[in-house]
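This report concerns only the one structure given below.
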Amino acid sequence: MSREKKGSISDRNNMLELIQLGTDCGILVIRAHSGNGFRNAIVEYANENFMKMNHLGDGNIVGTDFLSGPGQVIPGDELMRLNRELENAIKEDRKLLRMNLRIQPEGKTLLIQITCRVIPEEDSMLIQIVETDRTELHQLQNEIKVKNQRLRLAEQLIEKYAGRSFHRDGICIWEYYLSDRSMVVKLGGGSGFQRDAVIQNVPESIVEQKLVHPDQKEDYLRLYSDIAAGKQKTEGRFLVKGTGRKDADHGCVCGNVEESYHWSRISYHTIFDEDGTPIGAVGMTEEAAEENLFSADTVDRQGAAEAQRDRLTDFYVGKTFDTLAERKVLQQDKNALILINMDNFRYVSDDFGNGFADSVLQAQTMRIQAVFTEEEKIILGRVGKDEFAVLISDYESREAIIYQTDSLLRSLHVCFEYEGRSFESSCSIGVAFANSEETYGDMMRHSRSALSLAKNAGKDTYRIYEEEMN
């Protein structure tokens with residue numbers, strides 16, 4: 001079958017057919033050598049809309065090289081994709097090729113839809129391209145998608161917190177934007193921020209102001225790395241400052257601890273644009289008030305048996321710890337119980353105030369958590385105002401437990417500074433290992449016996465329970 005030569009009536013008719021598609025489109029006709037892709041391709045026609053859309057000015061580009069002219073506005077990866085799709089269309093003998101393409105005229109990114117027709121000839125091919133700017137439509141579609149995502153999240157939150165008091169329960173909802181790293185408060189219940197307040201440079205500003213406890217800095221920054229990486233949901237438990245519940249005497253400074261913190265759950269649901277790229281998230285903070293948490297100055301007024309977790313430490317307390325520990329001991333044959341008592345702590349509240357005492361407990365219990373990291377094997381409990389327990393199940397060896405106990409003892413020997421005065425904190429520890437016939441109650445009695453020996457030995461030490469102690 002014979003092919004039409006360059007400049008034939010058929011060529012001109014094809015161009016006229018393209019022009020008739022609509023004056024709002026950008027139209028480009030180029031001639032390329034077969035097998036060379038866009039290399040050495042020559043522009044044969046470009047209408048005014050194409051010149052405007054690609055910011056090519058008022059000059060005449062007919063007869064110029066495609067790659068050094070209009071091809072410059074197409075990023076390299078997009079140009080390779082276009083070339084690949086054209087080659088596939090030629091091999092598959094497809095008459096038309098439609099695809100979306102990203103161009104960047106003068107640094108501005110536009111999303112265009114192109115319709116290409118490839119007409120093979122004897123030693124070249126005619127490529128006719130019609131461009132339609134879909135940037136505004138794409139942005140509108142993206143806005144609708146984002147709004148729908150926010151609407152779904154709002155419906156979920158309304159259903160979840162129906163009948164709850166946002167202020168009483170310390171619930172705060174906000175939106176986070178990756179583009180400028182800002183956060184806008186939508187609903188703030190005791191968060192310290194007014195509705196529609198804008199926080200810039202997030203998360204760095206939150207960390208710098210110590211609104212999240214400094215020891216949890218890395219975990220907090222991880223939330224925002226998860227959002228940027230496109231993780232659909234990310235969350236964690238954090239000690240958060242500024243819930244609006246600060247007492248008058250909670251303005252203490254304890255090492256790197258400022259003011260009183262409260263345990264809160266922070267969660268993010270990531271929002272994506274039309275291309276599936278993360279653009280931000282809807283976030284929520286919920287204070288752990290429903291778990292009846294308590295601090296050092298309320299433990300005497302609030303029965304430990306009525307609480308599940310401690311406000312300062314997030315450790316299990318009272319009957320909750322006893323129940324969980326007893327159940328674990330029944331399930332496992334290999335258990336160890338470590339009982340930790342803060343030395344001379346009763347003088348701290350009297351001499352420095354409850355705020356300072358709370359801060360010391362927060363810092364020390366974080367050190368306990370840093371030593372015992374295998375969450376699936378441990379249960380942490382606050383079993384008294386200044387006393388904590390760690391139950392370890394299925395432990396590696398007796399020697400490993402003793403090594404951890406020794407590390408813990410040294411870690412908890414810390415000097416705290418407050419208003420020019422210092423307090424040297426230490427602890428005494430009792431450890432009990434259980435055989436297959438011993439109960440949790442037996443372990444608690446044995447660890448208390450070992451703790452008493454540690455206290456009698458001058459404190460700031462530990463003792464391991466042995467049978468002869470009976």
Note to self: I'd like to know if Glu466 pairs up with Arg398 as an ion pair, taking the criterion as any Lys NZ or Arg NE/NH1/NH2 lying under 4.0 Å from an Asp or Glu carboxylate oxygen.
What the structure shows: yes
Check: Can you tell me if Tyr224 and Tyr176 form a side-chain donor-acceptor pair at under 3.5 Å?
Finding: no
Item checked: Exceeds 12 heavy-atom contacts within 6.0 angstrom, atom CD of Gln331 -> yes
Next item on the list: Check Arg445, Arg327, Glu326, Lys328 against Tyr440 for a side chain to side chain contact (heavy atoms under 4.5 Å, CB included) and give me the one that passes.
Entry: Glu326
Checklist line | Reference residue Val431; test side chain to side chain contact (heavy atoms under 4.5 Å, CB included); the match among Thr405, Leu451, Leu337, Ile392 | finding: Thr405
Item checked: Residue pair Ile402 / Asp406, side-chain heavy-atom distance below 4.5 Å -> no
Notebook entry, point to check: Are Gln200 and Ser205 close enough that a side-chain donor and a side-chain acceptor fall under 3.5 Å?
Noted result: no
Next item on the list: Please report the shortest heavy-atom distance between Arg81 and Asn100, naming the atom on each side.
Entry: NH2-O, 2.7 Å
Checklist line | Least distance between heavy atoms, Ala450 atom then Ile464 atom | finding: CB-C, 4.2 Å
Next item on the list: Check Glu78 against Arg102 and note the closest heavy-atom contact, atom names and distance.
Entry: OE2-N, 2.7 Å
Next item on the list: Establish, yes or no, whether a centroid distance under 6.0 Å links the rings of Phe423 and Phe416.
Entry: no
Check: Mind checking whether His446 and Tyr465 have parallel, tilted or perpendicular rings, split at 30° and 60°?
Finding: parallel
Notebook entry, point to check: Backbone N or O of Lys385 within a donor-acceptor pair of the Arg382 side chain at under 3.5 Å?
Noted result: yes
Next item on the list: Identify the heavy atoms of Ala454 and Thr461 that sit nearest to each other, and give their distance.
Entry: O-CG2, 3.5 Å
Item checked: Distance in Å, Ile199 CD1 paired with Leu211 CG, rounded so as to fall on 0.5 Å steps -> 7.5 Å
Next item on the list: Applying salt bridge (charged side-chain N to carboxylate O under 4.0 Å, His left out), run through Arg448 and Glu387 and close with a yes or a no.
Entry: CA-CA 11 Å; Arg448 286 206 178 279; Glu387 196 165 81; 2.8 Å; yes
Check: Between Thr365 and Gln362, is there a donor-acceptor pair closer than 3.5 Å when you use the side chain of the first and the backbone of the second?
Finding: yes
Check: For Lys455, does the NZ atom sit with more than 12 other heavy atoms under 6.0 Å from it, leaving out its own atoms?
Finding: yes
Item checked: From NZ (Lys377) to CD (Glu396), nearest 0.5 Å -> 7.5 Å
Checklist line | Test item: side-chain donor near acceptor, Tyr220 and Glu218, under 3.5 Å | finding: no
Note to self: With rounding to the nearest 0.5 angstrom, report the CZ to CG distance, Phe388 to Leu408.
What the structure shows: 11.0 Å
Next item on the list: Please step through side-chain contact (heavy atoms from CB on, under 4.5 Å) for the pair Ile340 and Leu412, ending with a clear verdict.
Entry: CA-CA 10 Å; Ile340 307 155; Leu412 294 179; 4.0 Å; yes
Next item on the list: Flag yes if more than 12 heavy atoms outside Gln232 fall under 6.0 Å of its CD atom; otherwise flag no.
Entry: no
Next item on the list: Give the minimum heavy-atom separation between Thr109 and Gln104, together with the two atoms involved.
Entry: OG1-NE2, 3.4 Å
Checklist line | Backbone of Gly355 reached by a side-chain donor or acceptor of Ser359 within 3.5 Å | finding: yes
Next item on the list: Identify whether NZ of Lys or CZ of Arg in Arg421 sits under 6.0 Å from the centre of the six-membered ring of Phe352 and within 45° of that ring's axis.
Entry: yes
Check: For Asn341 and Lys459, does a side-chain donor sit closer than 3.5 Å to a side-chain acceptor?
Finding: no
Checklist line | Smallest separation among heavy atoms of Ile112 and Asp133, with atom names | finding: CG2-CA, 4.2 Å
Check: Distance only, no hydrogens: is a donor on one side chain within 3.5 Å (strictly under) of an acceptor on the other, for Asn54 and Glu131?
Finding: yes
Check: Below 4.5 Å, heavy atoms only, C-beta onward: do Tyr395 and Lys334 meet side chain to side chain?
Finding: yes
Note to self: Suppose we call two aromatic rings close when their centres sit under 6.0 Å apart. Are Phe315 and Phe321 close by that rule?
What the structure shows: no
